[in-house]
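Data block below; observations after.
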Amino acid sequence: TIAIPIRARLSDSAANDSGLMLLYRDWIPPPDAKWEKDSLECDYQARDAVPSLIRMPGRRQLIAERCLMERGYVRR
C-alpha cells in the first residue's frame with residue numbers, strides 16, 4: 001500500500017507563522033461568510049497592527065478575533 005499524506009483544510013483551522021490560531025469550529029459564521037478569505041485577511045490585519053518586534057502576548061489574537069466579529073462571526 002502507498003501512504004498518501006493528507007493536508008488539513010483551511011476550513012478546519014488557520015494556524016500560521018504569525019502565531020495566531022483561528023479555528024473555524026470556534027466560530028458561527030454569517031450566511032455569506034468565506035472563512036478562508038476572512039481568516040486570512042484578519043490575520044494580516046493583526047500582523048500589521050502589532051509588529052513582530054513588539055512583545056505583546058495575545059494582542060494579535062485579540063485583534064484577529066475582533067476583526068472576525070466585525071465581519072459578523074460569533075464566538076461559540
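This structure is a prediction, so every number in the text was calculated from the model and none was measured.
Looking at every heavy atom in both residues, R71 comes nearest to C42 through NE-SG, 3.5 Å. Of all heavy-atom pairs between Q61 and L22, the closest is NE2-CD2, 3.8 Å. Contact between C67 and Q45 at its shortest, heavy atoms only, is SG-OE1, 3.3 Å. A pairwise comparison of heavy atoms in R60 and A46 identifies O-CB, 3.3 Å as the closest pair. In terms of heavy atoms, W27 sits closest to M69 at CZ3-CG, 3.8 Å.
Here the CG atom belonging to D43 is positioned 9.5 Å from the CG atom belonging to D48, to the nearest 0.5 angstrom.
A 4.5 Å side-chain heavy-atom check between W35 and L68 finds at least one atom pair inside the cut-off.
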